[in-house]
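Shown next, in structure tokens, is the structure this report addresses.
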Amino acid sequence: MYRFNPPPDWPELPSDSWRPPPGWEPDPEWPDAPDDWGFWLGWTGRPASGPIGAFGSVDAGRLELAAVDPSLVLMHA
């Protein structure tokens, strides 16, 4: 289970279980996240890669690339 971890100075989440829906992007008026900010926390409360394809997850870029070239989906491990 992952929990979204908003950066400092972003609005508070509507609930602890809130997750960005597919395609969600932060409001451009919000301040930038600190460099290397961990947008996701694992069940232990430590930084985690996040769910594949979700905003701020480590694998988000690979999923976008796979959508461009479906043959790349087989390369994901």
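Numbers here simply count residues along the sequence, with the first being 1.
More than 12 non-hydrogen atoms from other residues, nucleotides or ligands lie less than 6.0 angstrom from CG of D27.
Cluster membership check: W37 shares its hydrophobic cluster with W24, using side-chain heavy-atom separations under 4.5 Å among Ile, Leu, Val, Met, Phe, Trp and Tyr. F4 and Y2 fall within a single hydrophobic cluster, where Ile, Leu, Val, Met, Phe, Trp and Tyr are joined by side-chain heavy atoms under 4.5 Å apart, directly or via other members.
Within the 4.5 Å cutoff, no side-chain heavy atoms of P31 are placed close to those of P7. Using a 4.5 Å heavy-atom cutoff, the side chains of W40 and P47 are not in contact. With contacts defined as side-chain heavy-atom distances shorter than 4.5 Å, the pair F55/P22 does not qualify. Contact of the P6 side chain with the P11 side chain is not registered, since no non-hydrogen atoms from C-beta on lie closer than 4.5 Å. Side-chain contact between R3 and S17: absent, with no pair of heavy atoms (C-beta onward) separated by less than 4.5 Å.
Separation of the F39 and W10 ring centroids falls under the 6.0 Å cut-off.
The backbone N or O of P51 lies less than 3.5 Å from a partner atom in the side chain of S57, making a donor-acceptor pair.
In this structure, CG in N5 is found 8.5 Å from CG in L13, a value given to the nearest 0.5 Å.
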